[in-house]
K.L.:
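Could you have a look at this structure, given as structure tokens, before my questions?
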Amino acid sequence: MEILIISGLSGAGKSKAASFLEDMGFYIVDNMPAAMILKFAEFCAGGGGRYSRIALVYDVRTDDSLSGFFEVLEKLKGMERICRLLFLEAETEVVIHRYKESRRRHPLRDQADSLEAAVRLERERMEPVRQRADVVIDTSRISTARLRQELLNRFGEEGQQGGMTVNVLSFGFKYGIPMEADLVFDVRFMPNPFYIEELRDQTGLDEGVFSYVFGFRQTGEFLERLESLLSLTLPLYAEEGKTGLSIAVGCTGGHHRSVSIAHALARKIRDLGYPVTEIHRDMGRGDYTLGN
């Protein structure tokens with residue numbers, strides 16, 4: 001089991017980091033007192049693998065004294081589990097600017113004469129936690145996309161390409177373009193198996209239709225150029241912080257050409273190292289009258 005404790009200054013990005021880690025497969029619990037961390041870890045360990053990766057957010061709101069937290073941290077690190085402490089910080093001026101933008105109240109504002117004093121007080125109180133951190137990230141000058149990539153580099157599992165999942169979807173234009181599509185490719189320029197009688201009642205997943213669609217030079221060239229385009233753009237989408245990309249491939253009815261191309265494209269993207277879901281939205285529709 002892997003335990004990651006997220007701590008740091010208020011306004012440094014702990015909530016944003018937690019949401020990114022949740023996308024990466026961590027089970028997130030916010031604002032957990034030190035006294036409950038060990039019991040929660042034991043509960044998760046007995047979950048049969050359901051909670052194999054957990055991230056707990058711990059900050060200045062949680063306990064008046066840090067001694068209990070440090071005691072728990074030592075016990076966790078002494079167990080046969082991966083336990084790391086992530087500390088997020090930012091410059092005082094940056095934290096003040098973020099609080100002014102969000103109009104939220106700093107958790108130590110009642111204990112200080114000003115917002116600046118509250119930020120400095122929290123920094124002083126949390127310094128012992130920072131000194132014990134395994135990873136310290138200063139978010140003062142990095143974008144949210146860069147923070148996500150940094151977390152992925154440090155805590156992502158093998159094979160998580162930018163943490164982005166690609167959904168490849170085939171559809172029929174006569175039923176409408178999918179609303180969730182980020183990229184749409186029209187393959188109605190390809191020869192249509194609908195006009196081959198023995199192929200008409202098959203789908204693009206059947207060998208006969210698949211071989212027919214890919215029996216033409218332009219099909220192979222199209223897929224080759226599409227793969228080249230995606231090899232360039234998918235890493236860039238991931239770098240910008242996109243967690244999911246939907247690629248829609250359409251023909252007339254969504255039974256033949258779009259299905260074969262989407263199926264082949266999903267394999268290509270999977271070979272590039274991205275998690276892929278493959279959906280054929282209109283393949284099961286029974287209307288074959290207008291060609292597919």
K.L.:
Is it true that a side-chain atom of Glu122 and a backbone atom of Ser10 form a donor plus acceptor pair closer than 3.5 Å?
P.N.:
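It does hold such a pair.
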K.L.:
Is it true that Ile142 and Leu88 fall in one hydrophobic cluster, defined by side-chain heavy atoms closer than 4.5 Å?
P.N.:
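Same hydrophobic cluster.
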K.L.:
Cluster partners of Val119, using ILVMFWY side-chain heavy atoms under 4.5 angstrom, listed by chain and number?
P.N.:
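In the cluster with Val119 are Val95, Ile96, Tyr99, Leu115.
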K.L.:
Has Arg109 got a side-chain atom pairing as donor or acceptor with Ala112's backbone, closer than 3.5 angstrom?
P.N.:
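Checking the backbone N and O of Ala112 against the side chain of Arg109, a donor-acceptor pair under 3.5 Å is found.
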K.L.:
Using every non-hydrogen atom in the two residues, find where Glu91 and Asp138 come nearest and quote the distance to one decimal.
P.N.:
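Answer, listing the atom of Glu91 first, then Asp138: N-OD1, 4.3 Å.
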K.L.:
Salt bridge or not between Glu127 and Arg123? Use side-chain N to carboxylate O under 4.0 Å.
P.N.:
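Salt bridge absent between Glu127 and Arg123.
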K.L.:
Identify whether Ile5 and Met1 are in the same connected component of the hydrophobic contact network (ILVMFWY, side-chain heavy atoms under 4.5 Å).
P.N.:
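Linked, Ile5 and Met1 end up in one cluster.
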K.L.:
Identify the heavy atoms of Leu205 and His280 that sit nearest to each other, and give their distance.
P.N.:
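Distance-wise, the nearest heavy atoms are CD2-NE2, 3.9 Å.
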K.L.:
Using modelled atom types only, decide if a donor and an acceptor are shared between the side chain of Arg132 and the backbone of Phe70 within a distance under 3.5 Å.
P.N.:
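Absent.
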K.L.:
At their closest point, which heavy atom of Ala41 faces which heavy atom of Leu76, and how far apart are they?
P.N.:
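It is CB-CD2, 4.1 Å.
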K.L.:
Can you tell me which residue pairs pass the salt bridge (Lys or Arg N to Asp or Glu O under 4.0 Å) test with a partner in residues 29-42, sequence neighbours excluded?
P.N.:
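Counting only pairs at least two positions apart or across chains, the salt bridge (Lys or Arg N to Asp or Glu O under 4.0 Å) contacts touching residues 29-42 are Asp30-Arg61.
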K.L.:
Measure from the ring center of Tyr175 to the ring center of Phe171 and say whether it is less than 6.0 Å.
P.N.:
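No: the rings miss the under 6.0 Å criterion.
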K.L.:
Counting only N and O atoms by type, is there a donor-acceptor contact under 3.5 Å from the side chain of Arg53 to the main-chain atoms of Leu21?
P.N.:
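A pair under 3.5 Å: no.
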K.L.:
Side-chain heavy atoms under 4.5 Å apart, restricted to Ile/Leu/Val/Met/Phe/Trp/Tyr: what other residues fall into the cluster of Leu236, or is it alone?
P.N.:
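Via sub-4.5 Å side-chain contacts, Leu236 links to Leu232.
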K.L.:
Which atoms form the tightest heavy-atom contact between Val249 and Ser258, and what is the distance?
P.N.:
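Of all heavy-atom pairs spanning Val249 and Ser258, the closest is O-CB, 3.2 Å.
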